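Each remark here refers to the structure printed beneath this line.
When a residue number appears, it is its place in the shown sequence, counting from 1. Everything numeric here is computed off the predicted structure, so don't read it as measured data.
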Amino acid sequence: MTSFDSSPTLTAWRALLAVAVVFVMLATTGWTAVRHQPSDEPRTIALAAWARGRVAGHALPDADAPPHRLAHFFATLTAAQRTALADKYPLVVGNLNGAPVTLRYRANRRAVVQARQVERRRMHDVRLSPDGRAEAVRRMNRLDSMLARGRHFLAFDPSGKGRAAEVFGSLDRADRISVIVPGVDTSLLTLERSAPRVNAAPVGMAKSLYAAERAAFPGTRTAVIAWADYTSPAGIGMDAALGNLAERGAVRLKALVEALPGVAPVSLFCHSYGSVLCGVAAHELPARVGDIAVAGSPGMRVENAAQLRTGARVWATRDRDDWIQDVPNLELGGLGHGADPVDPGFGSRVVSAGDAVGHSGYFEPGTESLGNFAAIGVGAYASVSCAASDSGCHESITGSQGV
């Protein structure tokens, strides 16, 4: 792990650097967080149609209704009525927290098919620039991949840069559920990547964690969600230095967890800017969230773990080669994300990142960081390897496997 130099001179220089970075970003980047999506986006149109829709002579519920109310609504319908709604309003039903999981899978698959048809037309639209047509090709290739046999999406929205959430394992039967919360530049086009960066993308992270959990703890039924269902910052610019997008994403994360089926404990694995989002959401998350693990974090918008106001165990890790360690851990007028979660004074349980390499290497198979995440995900806390700076990271944990 990285040592922490607390000399006054270094602290002052880091503060000056932070202010300089802020002014550079103000001068060279736009305030993308305040831009609104056009009103003709597919999901906006779908929501308007849903608001006018009816089933069995009754109006459809508000798409923003609480998950328990939506769950009750679908429970009152026949199987044929549920299927008909999913087929008629796939972009709505597929994203309704409270709708049956398998119904959301069906709706989202249908929505992906429809989105692919749109991109196929855009590929040959002479009104678009060559770059626009090339992007359509990339998006259609991504959508083709998403339609592969056996893939299940809990959320999908092609609007703007696109959002999605893929599930590995059975949410309905899981003993433990893990949720990957990724960082900047998350979109449909970056949902998954090819080698050698496959495990740096949300889907790759989730698949890697799911495999590690099953291999190390085969007696525990697990499910892992690659949750790329929020608007993340585009690159390391102004949005990445602010908490606006994290605050909006936190609302979506809370809604996701509240709607998960069953009572299985939930663990969050939050990478980079995703850890900012998890920090903002922490105090409002349901009690079933028992663990929040952050990797390569620029901060959680608090000065210590106690300020997160959560009953969940807070874990943190960072490898020695992660460039995020050079980002000043400051908060100045809303810019910056607060204290470093791996600093001993923060109060998190600091675990070893072992042989992870760089900012995106925490989910590589065989790394100590992935092994630790798998142990946390299944509740086998005694198997977690503590960092040298926190040899007691698994102390005071009761009722867990191996303790």
Side-chain angles (χ1 to χ4, degrees), residues 1 168-169 171 174-182 199 202 205-227 253 257 260 263-272 274-275 277-279 281-282 285-297 300 305 308 310-319 341-342 346-356 361-403:
M1 294 298 295
F168 299 90
L171 287 175
D175 299 317
R176 306 274 306 196
I177 297 173
S178 298
V179 181
I180 303 290
V181 183
N199 297 307
M205 292 178 183
K207 290 174 70 173
S208 186
L209 179 59
Y210 182 57
E213 289 178 348
R214 296 182 70 193
F217 309 96
T220 302
R221 292 177 300 190
T222 66
V224 180
I225 303 173
W227 189 73
L253 180 62
V257 177
L260 290 174
V263 295
V266 175
S267 299
L268 305 181
F269 296 91
C270 318
H271 177 245
S272 194
S275 68
L277 189 160
C278 288
L285 293 172
R288 67 188 295 188
V289 176
D291 298 282
I292 300 174
V294 301
S297 174
M300 301 179 75
L308 293 172
T310 177
R313 290 166 288 272
V314 181
W315 309 80
T317 193
R318 188 177 67 219
D319 73 66
V342 301
F346 186 83
S348 62
R349 300 170 185 268
V350 184
V351 303
S352 176
D355 49 0
Y362 295 98
F363 291 86
E364 288 293 331
T367 56
E368 195 169 12
S369 52
L370 180 61
N372 281 330
F373 293 160
I376 293 169
V378 302
Y381 303 114
S383 299
V384 173
S385 299
C386 300
S389 61
D390 186 6
S391 60
C393 72
H394 46 56
E395 292 181 355
S396 303
I397 301 178
T398 60
S400 56
Q401 298 181 44
V403 177

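- Of the inter-residue distances, the one linking Ile292 atom CD1 with Met300 atom CE reads 5.5 Å to the nearest 0.5 angstrom.
- Annotation: the span from Glu213 atom CD to Thr222 atom OG1 amounts to 4.5 Å, rounded to 0.5 Å.
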Review point. Please walk me through it: do Val351 and Ser385 pass side-chain contact (heavy atoms from CB on, under 4.5 Å)?
Key: CA-CA 6 Å; Val351 303; Ser385 299; over 6 Å; no
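- With sequence neighbours excluded, the residues satisfying salt bridge (Lys or Arg N to Asp or Glu O under 4.0 Å) with Asp175 are Arg221.
- Atom CZ of Phe363 is separated from atom CZ of Phe269 by 7.0 Å, given to the nearest 0.5 angstrom.
- For the atom pair CD1 of Ile180 and NE2 of His271, the computed distance is 10.0 Å after rounding to the nearest 0.5 Å.
- No salt bridge links Asp291 with Arg349; every basic N to acidic carboxylate O contact stays at or beyond 4.0 Å.
- Heavy-atom minimum distance, Ala174 versus Ala264: O-CB, 3.4 Å.
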Exercise for review: Mind running side-chain contact (heavy atoms from CB on, under 4.5 Å) on Ser348 and Val342 for me, showing each step along the way?
Suggested key: CA-CA 7 Å; Ser348 62; Val342 301; 5.8 Å; no
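- The two atoms that bring Thr220 and Arg176 nearest to each other are CG2-CG, 3.7 Å, heavy atoms only.
- A side-chain contact (heavy atoms from CB on, under 4.5 Å) with Val314 holds for exactly one of Val294, Val350, Leu308; it is Leu308.
- In terms of the salt bridge (Lys or Arg N to Asp or Glu O under 4.0 Å) criterion, Arg214 has no residue partners (sequence neighbours excluded).
- Between the side chain of Thr310 and the backbone N or O of Ala312, at least one donor-acceptor pair lies under 3.5 Å.
- Nearest approach of Glu368 to Asp355, heavy atoms of both residues: N-OD1, 3.4 Å.
- In this structure, Tyr362 and Thr317 have side chains that are in contact, with non-hydrogen atoms separated by less than 4.5 Å.
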Check your understanding: Hey, mind stepping through Val179 and Val266 against side-chain contact (heavy atoms from CB on, under 4.5 Å) and telling me if it holds?
Key -> CA-CA 7 Å; Val179 181; Val266 175; 4.0 Å; yes
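- Remark: Ile225 CD1 to Leu268 CG distance equals 9.5 Å, nearest 0.5 Å.
- Residues Val224 and Lys207 have side chains not in contact (no heavy-atom distance under 4.5 Å, counting atoms from C-beta outward).
- Taking both residues in full, the closest heavy atoms of Ala223 and Gly169 are given as CB-C, 4.2 Å, listed atom of the first, atom of the second, then distance.
- Once rounded to the nearest 0.5 Å, the distance linking OG1 of Thr367 with CG of Asp319 reads 9.5 Å.
- Between Ser267 and Ile376, the shortest heavy-atom contact is OG-O, 3.7 Å.
- In terms of heavy atoms, His394 sits closest to Cys386 at CD2-SG, 3.7 Å.
- The ring of Tyr381 has its center closer than 6.0 angstrom to the ring center of Trp315.
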